[in-house]
Amino acid sequence: PSMLLLNTENDSIYLADKSAEIKTYEEYCSDIKAEENSVMDIMGAVIVLGITLSVISSWGNLSVSLLQRKHEFAVLYSSGMSRKILVKLIITEMLCSALVSAFISAVFCPYITKITADILSFYDFTIPIKSDFILLGAFTLGLTAVILTAAFIQSRTVRKMNIAEQLKYE
């Protein structure tokens, strides 16, 4: 054996394997806890990286989408829609996008957590993983704030847009 857990009353222990490691139960539990903590730290770092990438990609996608639709906004403005209504349109669209992403993350978070726990238990990592709805709410609020900030910045671009320049090829 590579490790023996002993609970003896005397100090005389005979090992057949000279490379065996002797630990008390408390030492064994603390080693297991340290291993679990290191795995959870790695998983936490991966989650933070994923959240950061999702925020960056959300910002980029929304910005590119709104910049590509400048011509559409110019046509709407020239057909009688006011800039104020265009700004409300953009903000409403982004708010709907944020609410849909929040709904999807709230619905699928428990399932993804269960799948991850099942995969880890398949590979004998018995680490208790649970859904933390407080952190999910914080992530959802953060993503909503990023989406709305992108909408406000892009709506400022629409307010300052030169309509004649956008419609010159029309």
Side-chain angles (χ1 to χ4, degrees), residues 1-69 87 89-158:
S2 63
M3 180 173 51
L4 295 174
L5 297 175
L6 300 174
N7 187 4
T8 63
E9 295 178 7
N10 59 9
D11 293 334
S12 59
I13 301 171
Y14 298 100
L15 298 174
D17 185 4
K18 296 296 182 189
S19 65
E21 184 179 343
I22 299 174
K23 291 183 180 182
T24 64
Y25 182 73
E26 291 81 20
E27 290 172 339
Y28 175 74
C29 288
S30 67
D31 288 349
I32 294 297
K33 193 68 166 166
E35 186 177 318
E36 285 179 3
N37 288 340
S38 67
V39 170
M40 292 304 287
D41 289 343
I42 291 170
M43 287 178 66
V46 169
I47 288 169
V48 168
L49 181 64
I51 288 171
T52 304
L53 289 175
S54 71
V55 167
I56 291 170
S57 66
S58 295
W59 181 279
N61 287 338
L62 293 172
S63 297
V64 167
S65 170
L66 291 173
L67 288 175
Q68 287 177 344
R69 293 173 46 203
V87 169
L89 176 75
I90 292 169
I91 291 173
T92 304
E93 179 183 339
M94 294 304 131
L95 187 59
C96 287
S97 172
L99 291 176
V100 166
S101 69
F103 176 75
I104 289 172
S105 63
V107 168
F108 288 108
C109 178
Y111 298 114
I112 299 298
T113 303
K114 183 177 178 352
I115 289 170
T116 304
D118 290 346
I119 289 171
L120 288 174
S121 67
F122 179 76
Y123 290 110
D124 292 332
F125 284 114
T126 54
I127 299 172
I129 298 176
K130 59 182 177 173
S131 298
D132 190 354
F133 289 104
I134 294 172
L135 288 177
L136 177 63
F139 168 69
T140 302
L141 287 176
L143 188 58
T144 303
V146 167
I147 290 172
L148 289 178
T149 304
F152 283 121
I153 289 173
Q154 294 305 322
S155 66
R156 195 176 83 208
T157 304
V158 167

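Atom CG of L99 is separated from atom CG of L95 by 4.5 Å, given to the nearest 0.5 angstrom. Taking CD of E26 as the start and CG of D31 as the end, the distance is 11.5 Å to the nearest 0.5 Å.
Within 6.0 Å of CD on E35 lie no more than 12 heavy atoms contributed by other residues, nucleotides or ligands. Remark: L49 CG is packed, more than 12 non-hydrogen atoms of other residues, nucleotides or ligands lying under 6.0 Å away.
Taking the salt bridge (charged side-chain N to carboxylate O under 4.0 Å, His left out) definition, one finds that D41 meets it with nothing, sequence neighbours left out. The salt bridge (charged side-chain N to carboxylate O under 4.0 Å, His left out) test applied to E93 returns R69, not counting sequence neighbours.
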